[in-house]
Amino acid sequence: MSAKILSGKDIAKQIRAELAEEIAQMKADHDVVPGLATVLVGENPASVSYVTSKNRTSKKLGMHSEQINLPADTTEEALLELIHKLNNDPKIDGILVQLPLPKDVDESKVLMAIDPGKDVDGFHPVNVGKMVVGEADFLPCTPAGIKQILIRSGVETSGAEVCVVGRSNIVGKPIANILLQKAEGANATVTLVHTRTKDVPAHCKRADILIVAAGVPKYVKGDWIKPGAVVIDVGVNRTGTTESGKAKLAGDVDFDEAVEVASAITPVPGGVGPMTITMLMVNTVKAAKIHHCID
Ligand code: NAP
């Protein structure tokens, strides 16, 4: 068997085209332009690249975009003051603080200071709580992207056995929660495994849908996968550099083995990755609609 490749890149492109139309319509009908502010502290190269790409995407879609770059020695107090200002800025519908923050800044205090109505990353406890009770305004972006890949690829989740590998607050826990909801595109039976799980391969092998977010390159082997399962590989691991100086990436699944067993699989790169920024844009447009009472 050779699995079908689920291209997050293509699905992201499709969603962005829909969003661009929606944004143009909001401007024409309501004179509303969704606004995203990104806050970057310091010059961590990966963070600079993520934030630049988020701003570029929002501008391309016709949104108002503000990129606020602060020096690495910015105090917690100054950062909280900036968040307060952005919370009260009517041009801004979504605030994204790029993580990680410098060690001297209390990350949780900063994230909690964001108005939950502008928390387009979906990390504020108010939004996490809403997600758990099935009333989310903003789903966290990577899990929301996984959900869209499943829906738009026609993967049936209702009644499916899902195994999620990894229990982080940004991927594992939220995707497990999202897929167990009594809702369209969910209704799955979910198992979540982690480093204290006794037999990870046995749990993986039972899954109709296997979602892996462990941060361990090529961790999941072909013989851990149920024949015909759908595999979503969230991992992005740098394994070296190419001759041209680009990062070599590997997922958390041994792709060459998995592709022979699964019925469908997301590649790395080009799978879940491109969906994350796209879902940030979806959340920002949704925030603008809520702020301006647009259906
Ligand atoms: P994380 O915070 O490091 O969490 C990793 C989770 O995996 C932990 O719960 C850990 O268990 C579990 N784990 C680690 N090794 C394991 C093993 N050998 N067996 C079973 N469970 C194991 O990572 P994360 O932020 O969720 O990210 C996971 C991966 O996804 C990374 O490669 C990251 O780069 C990637 N990622 C990609 C995107 C994207 O947009 N594509 C977004 C976010 C993350 P314990 O809790 O027991 O330690």
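Every number for a ligand or one of its atoms is a count from 1 in the order of the listing. In what follows, residues are counted from 1 in the order of the sequence shown.
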task = Would you mind listing which atoms of ligand 1 come within a distance below 4.0 Å of any non-hydrogen atom of His194?
result = 11 (O), 20 (C), 21 (N), 47 (O)

query = Once you round to the nearest 0.5 Å, how far does OG1 of Thr57 lie from CG of Leu19?
reply = 11.0 Å

Distance in Å, Lys289 NZ paired with Thr284 OG1, rounded so as to fall on 0.5 Å steps = 13.0 Å

query = How close do Met275 and Gly8 get, heavy atom to heavy atom, and via which atoms?
reply = SD-O, 3.5 Å

request  = Report the nearest protein non-hydrogen atom to atom 17 (C) of ligand 1: residue, atom name, distance rounded to 0.1 Å.
outcome  = Tyr219 OH, 3.3 Å

inquiry  = Which residues end up grouped with Val33 if you chain together Ile, Leu, Val, Met, Phe, Trp and Tyr wherever their side-chain heavy atoms are less than 4.5 Å apart?
reply    = none

query = Which bit of Thr195 is near ligand 1, meaning a heavy atom under 4.0 Å away: side chain, backbone, both or neither?
reply = both

Atoms of ligand 1 close to Val216 [distance to a heavy atom under 4.0 angstrom, numbered from 1] = 15 (N)

inquiry  = Show the atoms of ligand 1 that are less than 4.0 angstrom away from any heavy atom in Arg167.
reply    = 6 (C), 8 (C), 9 (O), 45 (P), 46 (O), 47 (O)

query = Which part of Thr142 is near ligand 1, with near meaning a heavy atom under 4.0 Å away: side chain, backbone, both or neither?
reply = side chain

remark   = Quick note on ligand 1: atoms under 4.0 Å from a heavy atom of Val236 include exactly 32 (O), 34 (O), 35 (C), 37 (C), 41 (N)

inquiry  = Give me the nearest non-hydrogen protein atom to atom 25 (O) of ligand 1 as residue plus atom name, then the distance to 0.1 Å.
reply    = Ile170 CD1, 3.5 Å

ask   = Could you go step by step and tell me if Leu150 and Ile232 meet the side-chain contact (heavy atoms from CB on, under 4.5 Å) rule?
value = CA-CA 9 Å; Leu150 294 173; Ile232 306 290; 3.9 Å; yes

ask   = Ile290: what forms a side-chain contact (heavy atoms from CB on, under 4.5 Å) with it, not counting sequence neighbours?
value = Asp137, Phe138, Lys286

message = For the CG atom of Asn87 and the CG atom of Leu82, what is their distance to the nearest 0.5 Å?
response = 9.5 Å

message = Out of Gly166, Gly215, Ala214, who is nearest to atom 5 (C) of ligand 1 when you count heavy atoms only?
response = Ala214

message = To check your reading of the model: name the closest protein heavy atom to atom 30 (O) of ligand 1, its residue, and the distance in Å.
response = Val234 O, 3.5 Å

inquiry  = Can you report which non-hydrogen protein atom sits closest to atom 39 (C) of ligand 1, along with the distance?
reply    = Thr276 OG1, 3.7 Å

query = How many angstroms lie between OG1 in Thr38 and NZ in Lys54, if you round to the nearest 0.5 Å?
reply = 8.0 Å

request  = To the nearest 0.5 angstrom, please state how far the CG atom of Asp89 sits from the NZ atom of Lys118.
outcome  = 6.0 Å

task = Would you mind listing which atoms of ligand 1 come within a distance below 4.0 Å of any non-hydrogen atom of Asn237?
result = 32 (O)

task = Examine ligand 1 and decide if any of its atoms is less than 4.0 Å from a heavy atom belonging to Gly273.
result = yes

query = Is atom 36 (N) of ligand 1 close to the protein, meaning a heavy atom under 4.0 Å from it?
reply = yes

message = I need the atoms of ligand 1 closer than 4.0 Å to a non-hydrogen atom of Val171, numbered in the order shown.
response = 26 (O), 43 (C), 44 (C)

task = Determine, considering heavy atoms only, which of Ser168, Pro201, Pro274, Gly235 sits nearest to atom 2 (O) of ligand 1.
result = Ser168

request  = Of all the heavy-atom pairs spanning Val162 and Ala188, show the shortest one and how long it is.
outcome  = CG2-CB, 3.6 Å

